[in-house]
Amino acid sequence: MLLARSFSHFCRKESNLVWRGISNHATQRLDISGIYPPIATPFTQEGDIDYKSLDENIWKYASIPFRGLVVQGSNGEFPYMTAEERVEVVRRVRQTLPKDKLIMAGSGCESTNATIQMTENMANAGANCIMVVTPCFYRGQMSSSALIHHYTQVADSSPVPVVLYNVPANTSLDLPVDAVIHLSQHPNIVGIKESGGDVTKMALIAHKTRSQDFQMLAGSAGFLMAAYSVGSVGGVCALANVLGHQVCELAQLCSSGQWDKAKELQSYLIEPNTAVTRKFGVPGLKQAMDWFGFHGGVCRFPLKPLSKVEIEELHAAFSSNGWL
């Protein structure tokens, strides 16, 4: 009886993998190269998810040469959303986004069991792959061994490919290189979004995983050119929410080896990128989205809107570089 149940579970899992176009872990792995905006979640003034505005943003993003969208990443304010809301946003985006665009859904939770459940729910909602942030509440106990075990359990259970997500600015936890190298050998872990900005570390990861079918995405437009130069194949860039064509152009210049042109374009993106990430965060990104014809709007509390002085500084970061 137990054997029959195990075989039935295996068949269901294989069926899910076939349905999602990856057949099984032994076949060619999902190519995640390209540029992805980690999309914001629009809210109404009452704090509800504004699905009409979300749809309108998705329609506009569909016309930009993105590889896909990251849904429920850090810029999606996922820590302030219920589990049901997180999954429903993924489902809504999948309904609206053209099928040739990938959805990389942020399914990370603090516990392994919760992450496994969220991963399954997001896969069922239409995610092509999932991105798992490092659990960090008990960061003092998050050794390489603990993190390897966590990600291995998630990847073993996931019906879709897994992307590691390292964002020490938010988690105060830096995913160790040795853990990344070990996890790169897992047949269902296809890459990493590396947001730490340590180009030396990124180069080492690319070097140490060169024999694996493992891809690295830069976590910011601010160091996108540098990341490409050491082996990255794309990026998940907050700035792409407002300057999507320009970030995609930078990626194309790097991919084609046009480094002089890439260097010039990169220099004009650094200041506005810093403004919508490290300096003003999600409130700054949403304000900039409003200026560029997207629906940014309000954040959920405790995130507060920018002050008048902050708005002026944000505007200057874009206008002084010729974008406004």
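On a predicted model such as this, the values are computed, not experimentally measured, just so you know.
Using a cutoff of 4.0 Å between basic side-chain nitrogens and carboxylate oxygens, Asp31 and Arg67 are not scored as salt-bridged. The pair Glu313-Lys279 counts as a salt bridge, with a side-chain nitrogen and a carboxylate oxygen less than 4.0 angstrom apart. Salt bridge Glu88/Arg91: present, at least one basic N to carboxylate O contact under 4.0 Å. Glu77 and Arg86 are not joined by a salt bridge, as no carboxylate oxygen comes within less than 4.0 angstrom of a charged side-chain nitrogen.
Lys201 places a side-chain heavy atom less than 4.5 Å from the side chain of Val177. Put simply, the side chain of Phe43 does not reach to within 4.5 Å of the side chain of Asp48, judged on heavy atoms.
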Under the side-chain hydrogen bond (donor to acceptor under 3.5 Å, both in side chains) criterion, do Thr134 and Tyr151 qualify, and how do the steps go?
CA-CA 9 Å; Thr134 49; Tyr151 281 111; 5.0 Å; no

Check the pair Val180, Asn166 against side chain to side chain contact (heavy atoms under 4.5 Å, CB included), reporting the backbone distance first and the verdict last.
CA-CA 10 Å; Val180 177; Asn166 186 45; over 6 Å; no

Check the pair Asp50, Thr44 against side-chain hydrogen bond (donor to acceptor under 3.5 Å, both in side chains), reporting the backbone distance first and the verdict last.
CA-CA 6 Å; Asp50 185 347; Thr44 66; over 6 Å; no

Derivation of the side-chain hydrogen bond (donor to acceptor under 3.5 Å, both in side chains) call for Gln117 and Asn113:
CA-CA 6 Å; Gln117 184 63 61; Asn113 286 346; over 6 Å; no

Evaluate Thr41 against Tyr80 for side chain to side chain contact (heavy atoms under 4.5 Å, CB included), listing each step before the verdict.
CA-CA 11 Å; Thr41 305; Tyr80 299 164; over 6 Å; no

Could you go through the side chain to side chain contact (heavy atoms under 4.5 Å, CB included) check for His150 and Leu183 one step at a time?
CA-CA 10 Å; His150 172 73; Leu183 292 166; over 6 Å; no

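Of the N and O atoms on the side chains of Ser107 and Thr119, at least one donor lies less than 3.5 Å from an acceptor on the other residue. Using modelled atom types, one finds no donor on one side chain facing an acceptor on the other under 3.5 Å when comparing Asn188 with Asp156.
Under the 3.5 Å distance criterion, the side-chain polar atoms of Ser184 are matched with a main-chain donor or acceptor of Ile181. A donor-acceptor pair is defined here as one N or O able to donate and one able to accept, closer than 3.5 Å; such a pair exists between the side chain of Thr96 and the backbone of Arg92. Glu271 places no side-chain N or O within 3.5 Å of a backbone atom of Asn273 that could act as its donor or acceptor partner. Under a 3.5 Å cut-off, the side chain of Asn75 and the backbone N or O of Val282 do not form any donor-acceptor pair. Proximity of a side-chain donor or acceptor of Lys286 to a complementary backbone N or O of Val298 within less than 3.5 Å is detected. Panel note: side chain Ser267, backbone Glu264; a donor-acceptor pair is recorded below 3.5 Å. Counting only distance, with no hydrogens or angles, the side chain of Lys193 and the backbone of Leu164 share no donor-acceptor pair below 3.5 Å. Of the possible polar contacts, one joining the Glu310 side chain to the Ser307 backbone as a donor-acceptor pair under 3.5 Å is found. For Arg94 (side chain) and Pro98 (main-chain N/O), a donor-acceptor pair under 3.5 Å exists by modelled atom type. Side chain of Ser158 to backbone of Val154: no donor-acceptor contact under 3.5 angstrom is found.
When hydrophobic side chains of Ile, Leu, Val, Met, Phe, Trp and Tyr are connected at separations under 4.5 Å, Tyr138 ends up clustered with Phe137.
The aromatic rings of Phe294 and Tyr61 sit parallel to each other, their planes meeting at less than 30°, with 60° as the upper class boundary.
For Phe280 against Leu314, the heavy-atom pair with the smallest separation is CE1-N, 3.9 Å. Taking all atoms of both residues into account, the shortest heavy-atom contact from His295 to Pro42 is O-CG, 4.1 Å. Contact record, Gln287 with Ile311: OE1-CD1, 3.8 Å, taken as the closest heavy-atom pair. What you find for Ala155 and Val162 is that their closest heavy atoms are CA-CG2, 3.9 Å. In terms of heavy atoms, Gly284 sits closest to Val276 at O-CG1, 4.1 Å.
Both tests do not hold together for Lys101 against Phe66: distance to the six-membered ring centre under 6.0 Å, angle to the ring axis within 45°.
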